[in-house]
Amino acid sequence: MSTHSPNRTLLLGQTLSFCGNPFEQDPATTIRHESHGAVLIENGHVAWLGPASEVGDRKIDVPVIDHGEALIMAGFVDCHTHFPQTDIIASYGEELLTWLETYTFPQEMRFDNPAFARDSADFFLDQCLCNGTTTASVFGTVHPQSVDALFIAASKRNLRMAAGKTCMDRNAPQGLIDTAQTAYDQSKSLIETWHQNGRNIYAITPRFAPTSTPEQLEALGALWGEYPTALMQTHLSENLAEIAWVRELFPGHRDYFDVYESFGLTGAGSVFGHAIHLEPREATALAGSGSAIAHCPTSNAFIGSGHFNIDTARTAGIHTGLATDIGAGSSFSMFATMKAAYEAAHHHQVSLHPAQAFWLATLGGAKALRLNDVIGNLAVGYEADLIVVDLASTRLIGRRCANAEDFIDILFAQMILADDRAIKQTWSAGECVYDRHLTAG
Ligand code: GUN
Ligand code: ZN
């Protein structure tokens, strides 16, 4: 006789899911919206989804949580961020290279202290959850214990997180420097410990070409060859001075992306932060290789890097996700990030459709991380990483949405006006891991 009953919950509310890619077809047709919807969660997965009127017997003996007018959707996916930089968010006055020297490197030095790393990782993940972000691809510092701290904190919350030790063997302070060999050895040991352990995923992480020697990039390319299911994350063509520096440091390469290509660091599962100032050849090569871009619009605006052209990515066919890039990015909120993406697109005479913005913030990021079959959408069989969004979280938003033309317009108002106050609950693998009324953010 089995006494084990499946762990089930039925959530009621409005629901949002995607049934197509809004960059490939009329965006409005890719959204499935139920104004009185239901989501049955069973053993951490979405078991059924549909109109509440069709729930029928499925609700027998199942706890029901009625969220009323609130919107149930997939948790946000932040496909590029740096947890050790949480405490230097909103640092004044510098562009990329001097920002790194002035604020970032001194802060990252503090992560040689494992207790500090653990406290930071806990705080960072709590910020993700109160902002509705259930998955992120996270840079650690050079210290392996920073990655241990992040994965321990993620495992405690049963989150699907990707992370890696940031490798640098030149052009950084002595305390943050490894070597080609120690980068390889320590990354390998972290992969053995953490990759696909529970919901964790390892991302091989050379910081960017200027802080790695060719030998280190080669070692990390070889490591990825040994563990092809791991991810690879780095930065690309964020800032004009950075690009000029890469040309000096790597003479003989066609362009910045070619540096990564020549060391086996491109292809499906590779995620390049920023990629604002691409040569036409780089865009073609990114697309052809199946590599992905992490679009980091608050960061690009905040440290004055430029405005990413989402249309370049779309026309070239490059996988693209959305990312906060904390701490050059200025918000943990994917609403703020969608707003900044909308504004960045306008610099290129493109109006980012709300369906496109919400897709980038969920399935787009999941696809960049090769997770789009398990997370990033509210769909049967998917892991139940969900958020419940209060669509009237401030009086202004409530008033604006009372005047909305349709559901798409409500989504647009949310992405322009909402923040962490709109996140009513966050669920990870079928468990509520954040509740606005129970937790101080
Ligand atoms: N390029 C190399 N390192 C970094 C970093 O930490 N943040 C950003 N935004 N760009 C980088
Ligand atoms: Zn970054």
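Bear in mind the structure is a predicted one, so any value in this text is a computation, not a measurement. Both ligands and their constituent atoms are indexed starting at 1 by order of listing.
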Which atoms of ligand 1 have any heavy atom of [X] under 4.0 Å away?
{"X": "Ala328", "result": "9 (N)"}
{"X": "Leu96", "result": "1 (N), 8 (C), 10 (N), 11 (C)"}
{"X": "His274", "result": "9 (N)"}
{"X": "Phe208", "result": "1 (N), 2 (C)"}

Exercise. Mind telling me whether Phe83 and Phe111 have parallel, tilted or perpendicular rings, with 30° and 60° as the class edges?
Key: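 Geometry flag for Phe83 against Phe111: perpendicular rings.
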Exercise. Could you label the plane-to-plane angle of the His235 and His80 rings as parallel, tilted or perpendicular, counting under 30° as parallel and over 60° as perpendicular?
Key: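 The arrangement is perpendicular - the two ring planes meet at more than 60°.
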Considering only non-hydrogen protein atoms, determine which one is nearest to [atom] and report residue, atom name and distance to 0.1 Å.
{"atom": "atom 9 (N) of ligand 1", "value": "Asp325 OD2, 2.7 Å"}
{"atom": "atom 3 (N) of ligand 1", "value": "Arg207 NE, 2.7 Å"}
{"atom": "atom 10 (N) of ligand 1", "value": "Glu238 OE1, 2.7 Å"}

Exercise. Take every heavy atom of Trp99, measure it against each atom of ligand 1, and state whether any distance is under 4.0 Å.
Key: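 Yes.
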Quiz item: Does at least one non-hydrogen atom of Glu242 fall below 4.0 angstrom from an atom of ligand 1?
Solution: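 The answer is no: ligand 1 sits nowhere under 4.0 Å from a heavy atom of Glu242.
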Quiz prompt | Contacts of type side chain to side chain contact (heavy atoms under 4.5 Å, CB included), residue Val374, not counting sequence neighbours | solution =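 Val374 satisfies side chain to side chain contact (heavy atoms under 4.5 Å, CB included) with Arg160, Leu371, Glu383 only.
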Is it true that [Y] and [X] share a donor-acceptor pair across their side chains at a distance under 3.5 Å?
{"X": "Gln196", "Y": "Tyr202", "answer": "no"}
{"X": "His346", "Y": "Ser351", "answer": "yes"}
{"X": "His82", "Y": "Asp325", "answer": "yes"}
{"X": "Arg199", "Y": "Ser428", "answer": "yes"}
{"X": "Thr182", "Y": "Gln186", "answer": "no"}

Exercise. Mind checking whether Leu100 contacts ligand 1 via backbone (N, CA, C, O), side chain (CB onward), both or neither, at a 4.0 Å heavy-atom cut-off?
Key: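 Near ligand 1, Leu100 shows its side chain, while the N, CA, C and O stay back.
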Quiz item: Taking it one step at a time, do Ile303 and Glu238 satisfy side-chain contact (heavy atoms from CB on, under 4.5 Å)?
Solution: CA-CA 10 Å; Ile303 57 170; Glu238 175 177 4; 3.6 Å; yes
Quiz item: Less than 4.0 Å between a side-chain N and a carboxylate O, is that true for Asp178 and Lys165?
Solution: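 Salt bridge: yes.
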Quiz item: Charged N to carboxylate O under 4.0 angstrom, Arg247 versus Asp255?
Solution: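 Salt bridge absent between Arg247 and Asp255.
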Practice problem: Under 2.8 Å from the Zn ion (ligand 2), which protein N, O or S atoms are there? Could you list them by chain and number? | Solution: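 Within the sphere that stays under 2.8 Å of the Zn ion (ligand 2), the protein atoms of type N, O or S are His80 NE2, His82 NE2, His235 NE2, Asp325 OD1.
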